[in-house]
Amino acid sequence: DTGFGHGLSPDTIYRYSRHLLLPSFGVQGQSNLLKSSILVVGAGGLGSPALLYLAACGVGRLGIVDHDVVELNNMHRQVIHTEAFIGQPKVKSAAAACRSINSSILVVEHQEALRTYNALEIFSQYDIIVDATDNAPSRYMISDCCVLLRKPLVSGAALGLEGQLTVYNYKGGPCYRCLFPTPPPTTACQRCADSGVLGVVPGIIGCLQALEAIKIASAVGEPLSGRMLLFDALSARIRIVKIRGRSLQCEVCGENLVFTQKQFKDFDYENFTQSPLATAPLKLNL
Amino acid sequence: DTGFGHGLSPDTIYRYSRHLLLPSFGVQGQSNLLKSSILVVGAGGLGSPALLYLAACGVGRLGIVDHDVVELNNMHRQVIHTEAFIGQPKVKSAAAACRSINSSILVVEHQEALRTYNALEIFSQYDIIVDATDNAPSRYMISDCCVLLRKPLVSGAALGLEGQLTVYNYKGGPCYRCLFPTPPPTTACQRCADSGVLGVVPGIIGCLQALEAIKIASAVGEPLSGRMLLFDALSARIRIVKIRGRSLQCEVCGENLVFTQKQFKDFDYENFTQSPLATAPLKLNL
Amino acid sequence: MQLTLEFGGGLELLSNSVKIHNVNVELKNGAEKLTMKDLLAWVRTNLIKERPEMFMKGDSVRPGVLVLVNDCDWELSGQLDTTLEEKDVVVFISTLHGG
Amino acid sequence: MQLTLEFGGGLELLSNSVKIHNVNVELKNGAEKLTMKDLLAWVRTNLIKERPEMFMKGDSVRPGVLVLVNDCDWELSGQLDTTLEEKDVVVFISTLHGG
Ligand SMILES: [Zn+2]
Ligand SMILES: [Zn+2]
């Protein structure tokens, strides 16, 4: 029997043999992965390792949204991009890398900025969303869109020598706004471009995002929902803490479900967070 | 001043600008990295992300030892290799990938099996050793060689859905034999080829190995010495535990320093562990 | 009362870049217990060296700061009314947005 | 005595693939304390369902198994003589070699 009754081709069996050998993952887990679709928003520091591992593991349809181009000062952490792609769209570069390690999956390029006018349409094509962006308004917009479309959201962040990871909107768990109903003051919203990041820190968080997405897609293991991982690279300390559940008062996912797709499309996330959706240019004032 | 007094070229400053912006890393940390040399033993599941991030971050001289060739059933986790390199040496493939993301560092290819007759000579060319191998005799051999040459050893392992990480032989800390003076029974020594591994698990551990190597090379932060990280992917649980210190009775690093380079060269690690240094072919008996 | 206070996500910059503080917080005269509200006031007075508006808003923490008492979100233990006990570990961490 | 026992690195396969066991271990008649030596004998009898030689060797664990009492290597607390207390967490983990 070449497919163990699951219709896997001999090449597929050979490629994923180490997954198939895992009793707790096995043919069922791999079949689930092959049938799943995952969207990674952002092909930067977090998106690079997340995309590499999601492509390698056999996610059937892998989408990438980004509107940036590859720059030399990305290369210290965005390991999916090669120097040959400097000046070219990150989506194109990342998709080429994904295809070069796994030609048997479908990689979909969304070479555009994610905004309220296209987010619903793009997200609706995928089972799971991975937030690999670098700014506060995008994080609110992505979470709200996931709530509206009932998609689980794997959210990672990294800055300096620290990282954070959790899964939102998964099986009755909290959304981003349940935790952060009010945006922080803009002075607290540093991003990588402003204040630096040790390249391997988003590497670690991005890999952990891939793992959480794989667990949800394959229906294996306990996703990090209702819990948050806090990583401190300098001291090599990791905490996994228990966080609040869904809030009945949440303005987006709470009891009074008044937040509509129309409202989403009209919502001004930049004004809400007082922070821009597009990356600011680097200022190096050492 | 283009180099902040540290002789960094404008291109270097631009490439690593996010590192330079980090107050706790900065120009000094980056300068230390650029002057350092790191050897990664094994360009497989652990070595892939470790090499990508060590190349990207600007380790001045990066060595790779491996004697395997790239196979299709590696691709689910060994994300440094592309399908185009199937059948070619992993060292060649991994070195090409490292150079493509950072042409400004020196990548050294050691396309040979690591054995007692060449280990001392290869290791002596590097400041820090990263153990990214997949078998027990290699782990004893690499640790013993690091003790003889007084090199810190960043040791990672992954199997199934679990991973482990620690730093050996660092500033008076324990070596591998201090923890494991007697090899385990061979029936307990499963390796990836025998029993499967979820691809992203070595991804996470390999990234963490890169981080520990970067911390040692840049002299920033507290390396994971005298502590061990235990990772369980399925339940998303991570423990960092305190482990024993250097053992005075250790046969290699203990008080009675009787273990010589001559003895190392003559030591039969396969016989000691009753386990082969070369990877066994895959047996898929589902 | 012996407590361990930790600051992360950039909040450590407000207290001389020190992340972990082992502190001894005295109960106020006549008080029988120490609550998170009391602790925040104590932290504001004793540890925050600059830009207190980056740490607090009103008598609570500013938006975007998670508070964890013994690795558990303070929303689950009563927020400002949470009663602290000897050797508790309280973490203040700012949410990150970078990537 | 209430204890949490965890098995990892493949050792869980010896106890029906269950990683975490919340157990109640009775002190032996006349005994005043429970040591790791007692606990190992108890585990051997009550939890290990197959291939006991993969868990123990003599009256200790086999080579390649790390034992952690409250996240601390048992070599630091007296190995077999370590005295256990109520609610202690004991981890048995086999070292991994894969990559
Ligand atoms: Zn909500
Ligand atoms: Zn030793």
Side-chain angles (χ1 to χ4, degrees), chain A residues 4 11 13-22 24-25 27 49 52-53 56-58 72-73 75-77 79 81-84 100-103 160-161 192 195-201 203-204 207-208 210-212 214 220-224 227 229 233-238 240 282 284 286, chain B residues 4 11 13-22 24-25 27 49 52-53 56-58 72-73 75-77 79 81-84 100-103 160-161 192 195-201 203-204 207-208 210-212 214 220-224 227 229 233-238 240 282 284 286:
Chain A
F4 312 103
D11 260 17
I13 292 170
Y14 186 55
R15 180 188 282 271
Y16 304 114
S17 51
R18 270 84 161 123
H19 285 170
L20 304 180
L21 280 164
L22 280 169
S24 50
F25 197 81
V27 174
L52 287 173
Y53 281 97
C57 78
L72 178 61
N73 66 357
M75 309 295 296
H76 80 114
R77 71 184 190 285
V79 299
H81 306 300
T82 58
E83 291 177 0
S100 74
I101 62 172
N102 195 345
S103 59
L161 293 138
C192 298
S195 47
V197 60
L198 186 68
V200 72
V201 175
I204 292 160
C207 282
L208 288 166
L211 170 63
E212 292 305 314
I214 290 167
V220 168
E222 298 166 48
L224 200 73
R227 295 182 290 161
L229 182 145
L234 214 53
S235 60
R237 280 153 44 95
I238 299 176
I240 294 172
L282 177 72
L284 192 66
L286 286 178
Chain B
F4 311 104
D11 260 16
I13 292 169
Y14 186 56
R15 179 187 284 270
Y16 304 114
S17 51
R18 270 85 163 124
H19 286 172
L20 304 180
L21 280 164
L22 280 169
S24 50
F25 197 81
V27 173
L52 287 173
Y53 282 97
C57 79
L72 178 61
N73 66 357
M75 309 294 297
H76 80 114
R77 72 183 190 284
V79 299
H81 307 300
T82 58
E83 291 178 0
S100 74
I101 62 173
N102 195 344
S103 60
L161 293 137
C192 298
S195 47
V197 60
L198 186 69
V200 71
V201 176
I204 293 160
C207 282
L208 289 166
L211 170 63
E212 292 305 313
I214 289 167
V220 169
E222 297 166 48
L224 200 71
R227 296 182 291 160
L229 182 145
L234 214 53
S235 59
R237 281 154 43 94
I238 300 176
I240 294 171
L282 177 72
L284 193 65
L286 287 176

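Residue numbering restarts at 1 for every chain, and letters A, B, ... go by the order of the sequence lines. Note that the coordinates shown come from a computational prediction; the quantities given were computed from them, not determined experimentally. The figures that follow rest on heavy atoms only: side chains count, while hydrogens, waters and symmetry mates do not.
- Taking A:Leu72, A:Asp11, A:Thr82 one by one and counting their heavy-atom pairs under 4.5 Å with chain B, the maximum is reached by A:Leu72.
- Between A:Leu52 and B:Leu52, the closest side-chain pair of non-hydrogen atoms falls below 4.5 Å.
- Scanning all heavy atoms of the two residues, the minimum distance from B:Ser24 to A:Leu161 falls at OG-CD1, 2.9 Å.
- Using a 4.5 Å cut-off on side-chain heavy atoms (C-beta onward), B:Arg18 and A:Asn73 make contact.
- The most heavy-atom pairs under 4.5 Å with chain A, out of B:Val201, B:Leu224, B:Asn102, come from B:Asn102.
- Contact record, A:Val79 with B:Ala56: CG1-CB, 3.8 Å, taken as the closest heavy-atom pair.
- When atom types are taken as modelled, the side chain of A:His76 and the backbone of B:Ser17 share no donor-acceptor pair closer than 3.5 angstrom.
- At a 4.5 Å heavy-atom cutoff, the contact between B:His19 and chain A is made by backbone and side-chain atoms alike.
- Heavy atoms of A:Leu211 lying under 4.5 Å from chain B belong to its backbone as well as its side chain.
- No part of A:Pro223 comes within reach of chain B, as not one of its non-hydrogen atoms sits under 4.5 angstrom from that chain.
- Looking only at heavy-atom pairs under 4.5 Å with chain B, the residue among A:Glu83, A:His81, A:Met75 that has the most is A:Glu83.
- Summarising the geometry of B:Ala236 relative to A:Ile240, their closest heavy-atom pair is O-CD1, 3.0 Å, with the distance given to 0.1 Å.
- Highest contact tally toward chain A, considering only B:Ala210, B:Pro49, B:Ser103, B:Gly160, is held by B:Ser103 [criterion: heavy-atom pairs under 4.5 Å].
- Between chain A and the options B:Gly221, B:Gly58, B:Ser100, heavy-atom pairs under 4.5 Å are most frequent for B:Ser100.
- Using a cut-off of 4.0 Å between Lys/Arg side-chain N and Asp/Glu carboxylate O, B:Glu222 and A:Arg237 are scored as not salt-bridged.
- Scanning both residues, A:Gly199 and B:Tyr53, for their nearest heavy atoms gives O-CE2, 3.7 Å.
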### Task
Evaluate the side chain to side chain contact (heavy atoms under 4.5 Å, CB included) criterion for residues B:Val200 and A:Cys57: first the C-alpha distance (whole Å), next the side-chain angles of each, then the deciding distance (0.1 Å), finally the verdict.
CA-CA 8 Å; B:Val200 71; A:Cys57 78; over 6 Å; no
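- Heavy-atom pairs under 4.5 Å with chain B peak, among A:Leu208, A:Leu198, A:Val220, A:Ile238, at A:Leu198.
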